[in-house]
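Since we're looking at a predicted model, the values are computed, not measured. Every number for a ligand or one of its atoms is a count from 1 in the order of the listing.
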Amino acid sequence: MTGPRASGADWWRQAVVYQVYPRSFADANGDGLGDLAGITRRIPHLVDLGVDAVWLSPFYPSALADGGYDVDDHRDVDPKIGTLAEFDAMVEALHAAGLKLVVDIVPNHSSDRHPWFRAALAAGPGSPERERYVFRHSADGPPTDWTASFGGPTWEPVGDGWWYLHMFAPEQPDWNWDHPDVREDHERTLRFWADRGVDGFRIDVAHYLTKDLTGPLPTQAEIEAGTVPEGTHPFNDRDDVHEVYRSWRKVFDQYDPPRMAVAEAVVPTHRRPRYASAEGLGQAFNFDLLEADFDPGQFRAVVEQNLDLARSAGSTSTWVLSNHDQVRHTSRYALPTGTSLTAWLLSDGTEPRADEACGLRRARAATAFLLALPGSAYLYQGEELGLPEVADLPGVVLQDPTWIRSLGTTKGRDGCRVPLPWSASGPSFGFGPEDGRPAHLPQPPWFARYAVEAEEADAGSTLAFYRAALARRRELLGGEDLEFLDSPEGVVVFERPGGWVCATNFTTSAVPLPSGEVVLSSSGDPSGVGLTELPGESTVWVQRAG
Ligand code: NOJ
(Lines give C-alpha, C1' and ligand atoms only; values in the text may rest on other atoms or scores of the structure.)
Protein backbone atom coordinates (compact mmCIF):
# COMPACT_ATOMS: atom_id res chain seq x y z
CA MET A 1 0.00 0.00 0.00
CA THR A 2 2.69 2.50 0.91
CA GLY A 3 4.53 4.53 -1.72
CA PRO A 4 8.29 4.51 -2.19
CA ARG A 5 10.59 6.21 0.28
CA ALA A 6 12.13 9.50 -0.83
CA SER A 7 15.29 9.01 -2.88
CA GLY A 8 17.75 11.09 -4.91
CA ALA A 9 19.47 14.28 -3.85
CA ASP A 10 16.27 15.78 -2.40
CA TRP A 11 15.33 12.85 -0.18
CA TRP A 12 15.51 15.02 2.94
CA ARG A 13 13.10 17.75 1.82
CA GLN A 14 10.02 15.99 3.13
CA ALA A 15 11.57 13.14 5.08
CA VAL A 16 10.39 11.82 8.43
CA VAL A 17 13.54 11.60 10.54
CA TYR A 18 13.58 9.61 13.79
CA GLN A 19 16.05 10.74 16.44
CA VAL A 20 17.86 7.97 18.26
CA TYR A 21 19.58 8.90 21.49
CA PRO A 22 21.87 5.88 21.36
CA ARG A 23 22.54 5.29 25.03
CA SER A 24 18.81 5.05 25.74
CA PHE A 25 17.40 3.23 22.72
CA ALA A 26 18.29 -0.46 23.02
CA ASP A 27 21.00 -2.27 24.95
CA ALA A 28 22.22 -5.41 23.13
CA ASN A 29 25.10 -6.36 25.42
CA GLY A 30 23.32 -5.93 28.75
CA ASP A 31 25.60 -3.35 30.37
CA GLY A 32 22.69 -0.96 30.98
CA LEU A 33 23.75 1.44 28.24
CA GLY A 34 22.14 1.44 24.81
CA ASP A 35 24.49 0.54 21.97
CA LEU A 36 24.89 0.37 18.21
CA ALA A 37 24.16 -3.35 18.07
CA GLY A 38 20.91 -2.60 19.90
CA ILE A 39 19.96 -0.06 17.23
CA THR A 40 20.70 -2.55 14.45
CA ARG A 41 18.57 -5.16 16.18
CA ARG A 42 15.64 -2.76 16.46
CA ILE A 43 15.61 -1.60 12.83
CA PRO A 44 12.38 -3.58 12.23
CA HIS A 45 10.66 -1.22 14.67
CA LEU A 46 11.72 1.76 12.55
CA VAL A 47 10.62 0.05 9.35
CA ASP A 48 7.21 -0.83 10.84
CA LEU A 49 6.90 2.73 12.08
CA GLY A 50 7.54 3.98 8.55
CA VAL A 51 10.21 6.64 9.01
CA ASP A 52 12.63 7.61 6.22
CA ALA A 53 15.79 8.27 8.18
CA VAL A 54 17.49 8.02 11.55
CA TRP A 55 19.31 10.92 13.19
CA LEU A 56 21.81 9.47 15.61
CA SER A 57 22.86 11.66 18.52
CA PRO A 58 26.60 11.45 19.37
CA PHE A 59 28.03 7.95 19.62
CA TYR A 60 31.67 9.04 19.77
CA PRO A 61 34.11 8.24 22.61
CA SER A 62 33.05 10.42 25.52
CA ALA A 63 33.17 10.64 29.29
CA LEU A 64 29.47 11.57 29.06
CA ALA A 65 29.90 14.86 30.87
CA ASP A 66 27.13 16.10 28.56
CA GLY A 67 25.42 12.97 27.28
CA GLY A 68 28.00 12.41 24.52
CA TYR A 69 28.12 16.04 23.32
CA ASP A 70 31.59 16.11 24.90
CA VAL A 71 33.51 14.34 22.15
CA ASP A 72 36.97 12.81 22.73
CA ASP A 73 37.44 11.68 19.14
CA HIS A 74 35.07 12.59 16.33
CA ARG A 75 36.23 9.74 14.12
CA ASP A 76 35.59 6.76 16.34
CA VAL A 77 32.83 4.98 18.24
CA ASP A 78 32.59 5.04 22.03
CA PRO A 79 33.84 1.59 23.12
CA LYS A 80 31.05 1.62 25.72
CA ILE A 81 28.50 1.45 22.93
CA GLY A 82 30.21 -0.28 20.03
CA THR A 83 32.95 -0.37 17.45
CA LEU A 84 33.51 1.07 14.00
CA ALA A 85 32.73 -2.37 12.59
CA GLU A 86 29.37 -2.31 14.40
CA PHE A 87 28.78 1.19 13.03
CA ASP A 88 29.41 -0.09 9.49
CA ALA A 89 27.09 -3.03 10.09
CA MET A 90 24.41 -0.65 11.35
CA VAL A 91 24.74 1.58 8.27
CA GLU A 92 24.52 -1.43 6.00
CA ALA A 93 21.43 -2.73 7.78
CA LEU A 94 19.73 0.69 7.77
CA HIS A 95 20.39 1.11 4.07
CA ALA A 96 19.23 -2.41 3.32
CA ALA A 97 15.99 -1.50 5.10
CA GLY A 98 15.66 1.63 2.95
CA LEU A 99 16.55 4.04 5.76
CA LYS A 100 19.02 6.93 5.61
CA LEU A 101 21.37 7.89 8.42
CA VAL A 102 22.11 11.39 9.70
CA VAL A 103 24.84 11.70 12.35
CA ASP A 104 25.40 14.45 14.86
CA ILE A 105 28.50 16.64 14.42
CA VAL A 106 29.57 18.69 17.44
CA PRO A 107 31.88 21.37 16.02
CA ASN A 108 31.75 24.13 18.64
CA HIS A 109 33.70 22.24 21.25
CA SER A 110 35.60 19.05 21.93
CA SER A 111 35.80 17.29 25.26
CA ASP A 112 38.55 18.13 27.71
CA ARG A 113 39.90 14.60 27.07
CA HIS A 114 40.49 15.29 23.38
CA PRO A 115 44.20 14.73 22.56
CA TRP A 116 44.51 18.30 21.24
CA PHE A 117 43.11 19.76 24.44
CA ARG A 118 45.40 17.62 26.57
CA ALA A 119 48.31 18.73 24.41
CA ALA A 120 47.22 22.36 24.85
CA LEU A 121 47.26 22.05 28.64
CA ALA A 122 50.59 20.25 28.65
CA ALA A 123 52.29 22.66 26.25
CA GLY A 124 51.55 25.72 28.37
CA PRO A 125 50.89 29.41 27.71
CA GLY A 126 51.81 30.87 24.35
CA SER A 127 52.29 27.46 22.72
CA PRO A 128 50.93 26.62 19.24
CA GLU A 129 48.91 23.81 20.87
CA ARG A 130 46.89 26.33 22.87
CA GLU A 131 46.04 28.24 19.69
CA ARG A 132 43.52 25.57 18.70
CA TYR A 133 41.29 26.51 21.63
CA VAL A 134 40.24 29.87 23.08
CA PHE A 135 42.62 30.74 25.91
CA ARG A 136 42.84 34.15 27.60
CA HIS A 137 45.07 35.45 30.36
CA SER A 138 43.49 37.11 33.35
CA ALA A 139 45.15 37.74 36.68
CA ASP A 140 41.98 38.64 38.55
CA GLY A 141 39.08 36.34 37.83
CA PRO A 142 37.46 35.23 34.56
CA PRO A 143 38.16 37.39 31.46
CA THR A 144 34.42 38.18 31.14
CA ASP A 145 31.35 37.71 33.31
CA TRP A 146 29.55 35.51 30.73
CA THR A 147 27.34 32.66 31.94
CA ALA A 148 27.68 29.20 30.35
CA SER A 149 24.66 27.31 29.02
CA PHE A 150 24.51 24.88 31.92
CA GLY A 151 25.17 27.56 34.53
CA GLY A 152 28.38 28.97 36.03
CA PRO A 153 31.03 31.00 34.19
CA THR A 154 32.10 30.34 30.58
CA TRP A 155 35.77 30.44 31.62
CA GLU A 156 37.73 27.76 33.42
CA PRO A 157 41.16 28.52 34.95
CA VAL A 158 43.99 26.13 34.14
CA GLY A 159 46.25 27.19 37.00
CA ASP A 160 48.87 29.25 35.15
CA GLY A 161 46.95 32.51 34.98
CA TRP A 162 45.16 31.41 31.79
CA TRP A 163 41.54 30.50 31.26
CA TYR A 164 39.78 28.63 28.47
CA LEU A 165 36.36 29.38 27.04
CA HIS A 166 33.51 26.85 27.26
CA MET A 167 30.03 27.89 26.21
CA PHE A 168 28.71 24.68 27.79
CA ALA A 169 30.23 22.55 30.58
CA PRO A 170 33.90 22.99 31.60
CA GLU A 171 34.48 19.53 30.08
CA GLN A 172 33.59 21.06 26.67
CA PRO A 173 36.33 23.55 25.68
CA ASP A 174 35.43 25.66 22.63
CA TRP A 175 37.53 25.29 19.49
CA ASN A 176 39.26 28.27 17.94
CA TRP A 177 37.69 28.36 14.46
CA ASP A 178 40.31 30.85 13.22
CA HIS A 179 42.82 28.02 13.33
CA PRO A 180 43.36 26.12 10.06
CA ASP A 181 43.95 22.84 11.93
CA VAL A 182 40.45 23.07 13.41
CA ARG A 183 38.88 23.69 10.00
CA GLU A 184 40.83 20.92 8.30
CA ASP A 185 40.16 18.44 11.08
CA HIS A 186 36.41 18.96 10.90
CA GLU A 187 36.34 18.54 7.13
CA ARG A 188 38.28 15.34 7.61
CA THR A 189 35.61 14.23 10.07
CA LEU A 190 32.81 14.98 7.62
CA ARG A 191 34.58 12.99 4.91
CA PHE A 192 35.32 10.16 7.30
CA TRP A 193 31.61 9.56 7.98
CA ALA A 194 30.41 10.42 4.47
CA ASP A 195 32.88 7.84 3.13
CA ARG A 196 31.34 5.29 5.51
CA GLY A 197 27.95 5.86 3.91
CA VAL A 198 26.40 8.45 6.22
CA ASP A 199 23.70 10.37 4.32
CA GLY A 200 23.69 13.60 6.29
CA PHE A 201 24.73 15.59 9.33
CA ARG A 202 22.95 17.37 12.16
CA ILE A 203 25.15 20.27 13.18
CA ASP A 204 25.18 20.96 16.90
CA VAL A 205 24.98 24.63 18.01
CA ALA A 206 25.71 25.75 14.46
CA HIS A 207 25.40 29.39 15.56
CA TYR A 208 28.46 29.42 17.84
CA LEU A 209 31.74 28.17 16.25
CA THR A 210 33.41 31.41 15.05
CA LYS A 211 34.41 33.99 17.65
CA ASP A 212 36.03 37.38 17.79
CA LEU A 213 37.14 38.30 21.28
CA THR A 214 39.49 41.09 20.21
CA GLY A 215 37.24 44.10 20.69
CA PRO A 216 35.75 45.57 23.84
CA LEU A 217 33.59 42.69 25.02
CA PRO A 218 29.96 43.06 26.11
CA THR A 219 28.93 42.10 29.61
CA GLN A 220 26.42 39.33 30.30
CA ALA A 221 23.82 42.00 31.03
CA GLU A 222 24.43 43.64 27.64
CA ILE A 223 24.18 40.29 25.88
CA GLU A 224 20.90 39.53 27.64
CA ALA A 225 19.55 42.98 26.82
CA GLY A 226 20.17 42.18 23.13
CA THR A 227 22.15 45.37 22.49
CA VAL A 228 25.03 43.66 20.66
CA PRO A 229 24.64 44.30 16.89
CA GLU A 230 23.55 41.31 14.82
CA GLY A 231 26.25 39.46 12.93
CA THR A 232 29.18 40.86 14.88
CA HIS A 233 28.47 39.36 18.28
CA PRO A 234 31.71 38.02 19.86
CA PHE A 235 30.53 34.39 19.83
CA ASN A 236 26.93 34.03 18.67
CA ASP A 237 25.50 33.83 15.15
CA ARG A 238 28.37 35.75 13.60
CA ASP A 239 28.17 36.40 9.88
CA ASP A 240 31.55 34.76 9.37
CA VAL A 241 30.30 31.37 10.60
CA HIS A 242 28.80 30.90 7.15
CA GLU A 243 32.28 30.78 5.60
CA VAL A 244 32.68 27.51 7.48
CA TYR A 245 29.43 26.12 6.10
CA ARG A 246 30.15 27.25 2.55
CA SER A 247 33.34 25.30 2.75
CA TRP A 248 31.52 22.26 4.16
CA ARG A 249 28.98 22.46 1.34
CA LYS A 250 31.84 21.86 -1.10
CA VAL A 251 32.63 18.70 0.82
CA PHE A 252 28.98 17.55 0.88
CA ASP A 253 28.63 18.17 -2.85
CA GLN A 254 31.56 15.93 -3.67
CA TYR A 255 29.30 12.97 -2.85
CA ASP A 256 26.54 11.44 -4.91
CA PRO A 257 23.93 12.11 -3.75
CA PRO A 258 25.26 15.19 -1.97
CA ARG A 259 25.23 14.79 1.80
CA MET A 260 22.53 16.81 3.52
CA ALA A 261 22.94 18.84 6.68
CA VAL A 262 20.57 20.41 9.16
CA ALA A 263 21.65 23.21 11.47
CA GLU A 264 20.72 23.41 15.10
CA ALA A 265 20.83 27.21 15.04
CA VAL A 266 19.13 28.93 17.91
CA VAL A 267 18.93 32.37 16.33
CA PRO A 268 16.23 34.96 15.72
CA THR A 269 13.85 33.56 13.11
CA HIS A 270 14.87 36.02 10.39
CA ARG A 271 18.51 34.82 10.66
CA ARG A 272 17.54 31.14 10.17
CA PRO A 273 17.53 31.12 6.34
CA ARG A 274 21.27 31.89 6.32
CA TYR A 275 21.89 28.48 7.85
CA ALA A 276 19.39 26.78 5.54
CA SER A 277 20.76 28.21 2.29
CA ALA A 278 21.78 25.86 -0.49
CA GLU A 279 25.34 27.25 -0.36
CA GLY A 280 25.45 26.45 3.34
CA LEU A 281 24.05 23.63 5.39
CA GLY A 282 20.82 23.40 3.39
CA GLN A 283 18.29 23.06 6.20
CA ALA A 284 17.83 24.52 9.69
CA PHE A 285 15.80 23.39 12.66
CA ASN A 286 12.81 25.41 13.65
CA PHE A 287 11.71 24.76 17.22
CA ASP A 288 8.76 27.13 17.04
CA LEU A 289 6.03 24.48 17.23
CA LEU A 290 7.86 22.90 20.15
CA GLU A 291 7.80 26.27 21.89
CA ALA A 292 4.17 27.07 21.00
CA ASP A 293 1.19 26.40 23.24
CA PHE A 294 -1.50 24.07 21.94
CA ASP A 295 -3.19 27.05 20.38
CA PRO A 296 -4.67 27.54 16.89
CA GLY A 297 -3.38 31.08 16.39
CA GLN A 298 0.15 30.18 17.46
CA PHE A 299 0.26 27.00 15.36
CA ARG A 300 -0.98 28.75 12.23
CA ALA A 301 1.39 31.70 12.65
CA VAL A 302 4.36 29.38 13.16
CA VAL A 303 3.53 27.50 9.98
CA GLU A 304 3.03 30.62 7.88
CA GLN A 305 6.23 32.21 9.08
CA ASN A 306 8.37 29.13 8.70
CA LEU A 307 7.12 28.22 5.26
CA ASP A 308 8.08 31.74 4.15
CA LEU A 309 11.50 31.48 5.79
CA ALA A 310 12.23 28.08 4.28
CA ARG A 311 11.09 29.25 0.85
CA SER A 312 13.37 32.28 1.06
CA ALA A 313 16.30 29.93 1.65
CA GLY A 314 15.26 27.51 -1.12
CA SER A 315 14.90 24.88 1.58
CA THR A 316 12.08 23.12 3.37
CA SER A 317 11.12 23.67 6.96
CA THR A 318 11.63 21.25 9.81
CA TRP A 319 8.96 20.42 12.35
CA VAL A 320 9.76 19.26 15.85
CA LEU A 321 7.67 18.63 18.98
CA SER A 322 10.23 16.81 21.12
CA ASN A 323 13.93 16.05 21.27
CA HIS A 324 16.58 14.98 23.77
CA ASP A 325 16.79 18.52 25.25
CA GLN A 326 13.12 19.14 26.01
CA VAL A 327 10.34 17.94 28.28
CA ARG A 328 8.36 15.44 26.20
CA HIS A 329 5.39 17.03 24.48
CA THR A 330 2.76 14.66 25.92
CA SER A 331 3.76 16.07 29.31
CA ARG A 332 4.02 19.68 28.21
CA TYR A 333 0.50 19.54 26.78
CA ALA A 334 -0.74 17.92 29.99
CA LEU A 335 0.10 21.03 32.03
CA PRO A 336 -1.77 24.32 32.27
CA THR A 337 -0.50 26.95 29.81
CA GLY A 338 2.32 28.97 31.30
CA THR A 339 3.52 26.28 33.73
CA SER A 340 7.24 26.63 34.46
CA LEU A 341 8.71 23.30 33.35
CA THR A 342 11.76 23.86 35.54
CA ALA A 343 9.58 24.29 38.63
CA TRP A 344 7.36 21.36 37.61
CA LEU A 345 10.38 19.04 37.30
CA LEU A 346 11.76 20.28 40.62
CA SER A 347 8.44 19.31 42.24
CA ASP A 348 8.91 15.79 40.79
CA GLY A 349 5.95 16.38 38.54
CA THR A 350 3.51 17.04 41.37
CA GLU A 351 2.97 20.80 41.13
CA PRO A 352 0.78 20.92 39.17
CA ARG A 353 -0.38 17.37 38.47
CA ALA A 354 -0.32 16.55 34.78
CA ASP A 355 -3.61 15.70 33.04
CA GLU A 356 -2.12 12.80 31.09
CA ALA A 357 -5.20 12.00 29.03
CA CYS A 358 -5.40 15.59 27.85
CA GLY A 359 -1.65 15.64 27.15
CA LEU A 360 -1.84 12.54 25.00
CA ARG A 361 -4.94 13.72 23.13
CA ARG A 362 -3.26 17.01 22.26
CA ALA A 363 0.06 15.35 21.46
CA ARG A 364 -1.59 13.07 18.92
CA ALA A 365 -3.53 15.96 17.42
CA ALA A 366 -0.35 18.05 17.15
CA THR A 367 1.55 15.14 15.61
CA ALA A 368 -1.06 14.62 12.90
CA PHE A 369 -0.95 18.37 12.24
CA LEU A 370 2.86 18.32 12.01
CA LEU A 371 2.97 15.26 9.75
CA ALA A 372 0.67 16.94 7.27
CA LEU A 373 2.94 19.97 6.87
CA PRO A 374 5.32 20.40 3.94
CA GLY A 375 8.92 19.79 4.97
CA SER A 376 10.73 17.37 7.22
CA ALA A 377 9.28 16.00 10.44
CA TYR A 378 11.79 15.16 13.16
CA LEU A 379 10.45 12.66 15.69
CA TYR A 380 12.14 11.82 18.97
CA GLN A 381 12.45 8.21 20.15
CA GLY A 382 9.56 7.20 22.38
CA GLU A 383 7.13 9.82 21.15
CA GLU A 384 5.59 7.14 18.94
CA LEU A 385 4.60 5.46 22.22
CA GLY A 386 3.14 8.65 23.68
CA LEU A 387 5.78 8.36 26.38
CA PRO A 388 5.48 11.06 29.05
CA GLU A 389 8.44 12.72 30.75
CA VAL A 390 9.81 10.87 33.79
CA ALA A 391 9.49 13.87 36.05
CA ASP A 392 10.35 12.30 39.40
CA LEU A 393 13.91 11.08 38.83
CA PRO A 394 15.75 11.62 42.13
CA GLY A 395 18.74 13.99 42.18
CA VAL A 396 21.19 11.14 42.83
CA VAL A 397 20.55 9.52 39.45
CA LEU A 398 20.58 12.68 37.34
CA GLN A 399 23.32 12.82 34.71
CA ASP A 400 22.64 16.19 33.07
CA PRO A 401 25.42 18.67 33.97
CA THR A 402 22.70 21.28 34.47
CA TRP A 403 21.73 19.66 37.78
CA ILE A 404 25.14 20.06 39.39
CA ARG A 405 26.04 23.35 37.74
CA SER A 406 22.74 24.95 38.77
CA LEU A 407 23.40 23.74 42.33
CA GLY A 408 20.29 21.59 42.26
CA THR A 409 17.91 24.28 41.09
CA THR A 410 17.35 22.94 37.56
CA LYS A 411 16.93 19.22 36.98
CA GLY A 412 17.79 19.21 33.30
CA ARG A 413 17.05 16.76 30.53
CA ASP A 414 17.29 13.26 31.96
CA GLY A 415 13.51 12.84 32.18
CA CYS A 416 13.20 12.58 28.39
CA ARG A 417 16.27 10.34 28.10
CA VAL A 418 15.09 7.37 30.17
CA PRO A 419 15.70 4.13 28.21
CA LEU A 420 12.77 2.98 26.08
CA PRO A 421 10.39 0.22 27.19
CA TRP A 422 10.19 -2.50 24.54
CA SER A 423 8.34 -5.17 26.52
CA ALA A 424 5.74 -4.87 29.25
CA SER A 425 7.76 -6.89 31.76
CA GLY A 426 11.34 -7.86 32.52
CA PRO A 427 14.06 -6.09 34.45
CA SER A 428 14.51 -3.23 31.96
CA PHE A 429 11.27 -3.60 29.98
CA GLY A 430 13.23 -5.24 27.17
CA PHE A 431 15.69 -2.35 26.85
CA GLY A 432 18.42 -4.85 27.65
CA PRO A 433 18.53 -8.65 27.92
CA GLU A 434 16.76 -10.46 30.81
CA ASP A 435 20.03 -11.00 32.66
CA GLY A 436 21.39 -7.54 31.85
CA ARG A 437 22.22 -4.70 34.19
CA PRO A 438 19.49 -2.17 35.02
CA ALA A 439 19.01 0.65 32.55
CA HIS A 440 21.43 3.55 33.14
CA LEU A 441 18.52 5.81 34.15
CA PRO A 442 15.77 4.14 36.20
CA GLN A 443 12.54 3.32 34.37
CA PRO A 444 9.33 3.79 36.38
CA PRO A 445 6.86 0.87 36.72
CA TRP A 446 4.30 2.70 34.59
CA PHE A 447 6.62 2.33 31.57
CA ALA A 448 4.98 -1.12 31.15
CA ARG A 449 1.84 0.55 29.74
CA TYR A 450 3.86 2.32 27.07
CA ALA A 451 5.99 -0.62 25.98
CA VAL A 452 6.20 -1.32 22.24
CA GLU A 453 4.93 -4.84 22.90
CA ALA A 454 1.88 -3.56 24.82
CA GLU A 455 1.03 -0.96 22.21
CA GLU A 456 1.45 -3.39 19.33
CA ALA A 457 -1.36 -5.44 20.85
CA ASP A 458 -3.71 -2.45 21.00
CA ALA A 459 -5.34 -1.14 17.79
CA GLY A 460 -6.08 2.20 19.46
CA SER A 461 -2.56 2.77 20.81
CA THR A 462 -0.35 5.76 20.06
CA LEU A 463 2.01 3.43 18.21
CA ALA A 464 -0.84 2.22 15.98
CA PHE A 465 -1.72 5.87 15.33
CA TYR A 466 1.87 6.81 14.37
CA ARG A 467 2.17 3.80 12.06
CA ALA A 468 -1.10 4.67 10.35
CA ALA A 469 -0.15 8.34 10.06
CA LEU A 470 3.24 7.64 8.52
CA ALA A 471 1.83 5.12 6.07
CA ARG A 472 -0.92 7.55 5.00
CA ARG A 473 1.57 10.41 4.73
CA ARG A 474 3.63 8.39 2.31
CA GLU A 475 0.60 7.72 0.15
CA LEU A 476 -0.63 11.31 0.21
CA LEU A 477 2.63 13.24 0.00
CA GLY A 478 3.06 15.30 -3.15
CA GLY A 479 4.30 18.83 -3.77
CA GLU A 480 5.42 21.23 -1.07
CA ASP A 481 2.45 23.64 -1.25
CA LEU A 482 -0.02 24.38 1.52
CA GLU A 483 -3.18 26.49 1.52
CA PHE A 484 -5.11 27.43 4.65
CA LEU A 485 -8.87 27.02 4.26
CA ASP A 486 -11.72 28.81 6.03
CA SER A 487 -12.53 27.14 9.30
CA PRO A 488 -14.62 27.62 12.44
CA GLU A 489 -13.11 29.45 15.44
CA GLY A 490 -10.47 27.31 17.17
CA VAL A 491 -10.03 24.99 14.19
CA VAL A 492 -7.16 25.11 11.69
CA VAL A 493 -7.70 23.54 8.28
CA PHE A 494 -5.22 23.40 5.42
CA GLU A 495 -5.00 21.61 2.12
CA ARG A 496 -2.02 19.99 0.47
CA PRO A 497 -1.70 19.06 -3.21
CA GLY A 498 -3.92 16.20 -4.33
CA GLY A 499 -6.87 17.08 -2.09
CA TRP A 500 -5.20 16.10 1.19
CA VAL A 501 -6.91 18.14 3.90
CA CYS A 502 -5.77 18.35 7.51
CA ALA A 503 -8.16 19.73 10.14
CA THR A 504 -7.15 20.27 13.77
CA ASN A 505 -9.73 21.14 16.39
CA PHE A 506 -7.98 22.98 19.23
CA THR A 507 -11.21 23.46 21.19
CA THR A 508 -12.70 20.93 23.61
CA SER A 509 -16.03 20.53 21.74
CA ALA A 510 -16.71 18.57 18.58
CA VAL A 511 -17.15 20.39 15.27
CA PRO A 512 -18.33 19.17 11.85
CA LEU A 513 -15.87 17.15 9.78
CA PRO A 514 -14.50 18.71 6.59
CA SER A 515 -16.04 17.13 3.50
CA GLY A 516 -14.30 14.14 1.96
CA GLU A 517 -13.20 10.70 3.09
CA VAL A 518 -11.54 10.55 6.51
CA VAL A 519 -8.22 8.72 6.10
CA LEU A 520 -6.63 9.37 9.50
CA SER A 521 -7.85 10.32 12.94
CA SER A 522 -5.73 11.22 15.95
CA SER A 523 -8.51 10.08 18.30
CA GLY A 524 -9.99 6.60 18.56
CA ASP A 525 -9.38 4.26 15.65
CA PRO A 526 -6.59 5.79 13.50
CA SER A 527 -8.48 4.95 10.32
CA GLY A 528 -11.27 7.29 11.45
CA VAL A 529 -13.86 4.62 10.71
CA GLY A 530 -17.28 5.56 12.02
CA LEU A 531 -16.25 9.16 12.80
CA THR A 532 -19.22 11.51 12.36
CA GLU A 533 -17.68 14.69 13.73
CA LEU A 534 -14.24 16.10 14.58
CA PRO A 535 -13.85 15.62 18.35
CA GLY A 536 -12.28 18.27 20.58
CA GLU A 537 -8.47 18.34 20.66
CA SER A 538 -8.07 16.08 17.68
CA THR A 539 -6.94 16.07 14.06
CA VAL A 540 -8.28 14.32 10.99
CA TRP A 541 -6.89 13.96 7.52
CA VAL A 542 -9.49 13.92 4.81
CA GLN A 543 -9.08 13.01 1.17
CA ARG A 544 -11.21 15.21 -1.04
CA ALA A 545 -12.58 13.64 -4.19
CA GLY A 546 -10.42 14.59 -7.21
C1 NOJ B 1 22.82 21.07 21.77
C2 NOJ B 1 22.52 19.65 22.07
O3 NOJ B 1 21.25 19.31 21.53
C4 NOJ B 1 22.58 19.48 23.57
O5 NOJ B 1 22.14 18.23 23.97
C6 NOJ B 1 24.00 19.73 24.01
O7 NOJ B 1 24.05 19.71 25.42
C8 NOJ B 1 24.51 21.09 23.54
N9 NOJ B 1 24.17 21.35 22.17
C10 NOJ B 1 26.02 21.18 23.67
O11 NOJ B 1 26.65 20.37 22.74
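Shown here are the side-chain hydrogen bond (donor to acceptor under 3.5 Å, both in side chains) partners of W177, two or more places apart in sequence or in another chain: there are none. A search for salt bridge (Lys or Arg N to Asp or Glu O under 4.0 Å) contacts involving D181 returns R132, not counting sequence neighbours. R473 pairs by the salt bridge (Lys or Arg N to Asp or Glu O under 4.0 Å) definition with nothing, not counting sequence neighbours.
Ring geometry for Y60 versus W193: interplanar angle of 30 to 60°, hence tilted. Ring orientation note: the planes of Y208 and F168 are tilted relative to one another, at an angle of 30° to 60°.
Taken from CD in Q399 to CG in L64, the straight-line distance is 7.5 Å, to the nearest 0.5 Å.
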Could you list, one pair per line, each nitrogen or oxygen of ligand 1 together with any protein nitrogen or oxygen closer than 3.5 Å, giving atom names and the distance rounded to 0.1 Å?
unit_1	atom_1	unit_2	atom_2	d
ligand 1	3 (O)	R202	NH2	3.1
ligand 1	3 (O)	H324	NE2	2.9
ligand 1	3 (O)	D325	OD2	2.5
ligand 1	5 (O)	H324	NE2	2.9
ligand 1	5 (O)	D325	OD1	2.7
ligand 1	5 (O)	R413	NH1	3.2
ligand 1	7 (O)	D66	OD1	3.1
ligand 1	7 (O)	D66	OD2	2.6
ligand 1	7 (O)	R413	NH1	3.0
ligand 1	9 (N)	D204	OD1	2.8
ligand 1	9 (N)	D204	OD2	3.2
ligand 1	11 (O)	H109	NE2	3.0
ligand 1	11 (O)	D204	OD2	2.7

